[in-house]
Amino acid sequence: MVKVITAENAGFCFGVKRAVETVYEEAKKQQPVYTFGPIIHNDVVVRDLEKKGVRVIHSVEEAAKLTSGTVIIRSHGVSKETLEALKANTAIHVVDATCPFVQRIHDVIAEQSAAGRKIVIIGNKGHAEVEGHIGWSSRGAEVIETEEEARAFTCAPEEPLCVVAQTTFNAKKFEELVAILNERGYNKYVMNTICNATSIRQEEARRIASAVDIMIVIGGKNSSNSAKLFDICSKECDNTFFIETREDLELHLTGSETVGITAGASTPNIIIEEVQSYVRT
Ligand code: F3S
C-alpha cells in the first residue's frame, strides 16, 4: 500500500487565509466586490470567487473609474501611492487585507527611510510584494536577488542601510546575501522579515522530500513560494512533481512507494485532499 506523508504546513498561510475569507465575507455583504489583482495565485479560488460576483481589477486607473463597490487589497499589500490613489476614489470602499507581517515591513521601511537609512530589500525583482515595499520608502529602495547583485551593490561607506526581506524569500539565501553585504562593513540595520510560515513550510518540505520516493508540490504556476518549494524538494528527491491540480498528475505506482505532499501558500485544502485521495487509490 502506498504510504502518503502530507505536510502539516501545506496550503494557505495565516495571511492568505485571512485575505481570502475577507473576500468571501465582503461578497456576502454587498456587491460589486473587486480584488486589486487576483487575491491569490490560484485559478480555482479566483474562478469560484468570480461565480460569487467578485471581479479582479489590475490598476489604479481601473479603480478610479468605479462608481460603487468594495475594492479589497490582497495579502501582498500595495505601495503607499497605490493605497492613497485607491482611497482617493470616495465612491468606493477600500478594504485592506494586507497581511499584518507585510504591513510590519511597510512600517519599518517608512520609519527607517525617514530616519535616513537607504533601504535594501532582499527579494525577487518585480514581485508584487516587493513593489509594494519599495513604495513605502521615502527615498527609493534597492532590490537584491542574487549573489552577483549583492557583490555589485555599492553605497557610500557612511550611508546607513536598512536591510529587509520579502516575506517568502528563501531563508538560507537571505543569510548568504546578507553575509556578502557584511563583508563590506556597512553600517546596517538588518531585519530578517522572512515569514515563519514560509520557513516552517520549507523546512518541513525539505525533510519530507528527503525521506520519500515521490514528492508532489501543489501550487499555482505563477506562485513564487510554490516554485521555491519545488526547488527545495527537487534537490532532495529526484521524483518531484510540480502540479496545479490533481488533473496534472499521472502516477503509475506499484504500491510500495512512499509519497510526500506539500503545497504552496495559495493552495486551497480541497485540492490537497483531492491529490491525497488520488495517490491513495
Ligand atoms: Fe503573511 Fe506570511 Fe502568509 S507574511 S501572507 S502569513 S507567508
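The chain is numbered in sequence order, starting from 1. Counting starts at 1 for both ligands and their atoms, following the listed order.
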Test Val71 against every option in Asp96, Leu66, Val95, Asn89 by the side-chain contact (heavy atoms from CB on, under 4.5 Å) rule and name the one that passes.
Leu66
Salt bridge flag under 4.0 Å for residues Glu142 and Lys125
no
Give me the protein N, O or S atoms that fall under 2.8 Å of atom 2 (Fe) of ligand 1, sorted by chain and residue number.
Cys195 SG
Atom NZ of residue position Lys173 - does it have more than 12 heavy atoms of other residues, nucleotides or ligands inside 6.0 Å?
yes
Salt bridge present between Glu203 and Arg207 (N-O < 4.0 angstrom)
no
Please name all residues satisfying side chain to side chain donor-acceptor pair (under 3.5 Å) with Ser75, sequence neighbours left out, ordered by chain then number.
none
Identified side-chain contact (heavy atoms from CB on, under 4.5 Å) counterpart of Gln166 within the set Glu145, His76, His127
His127
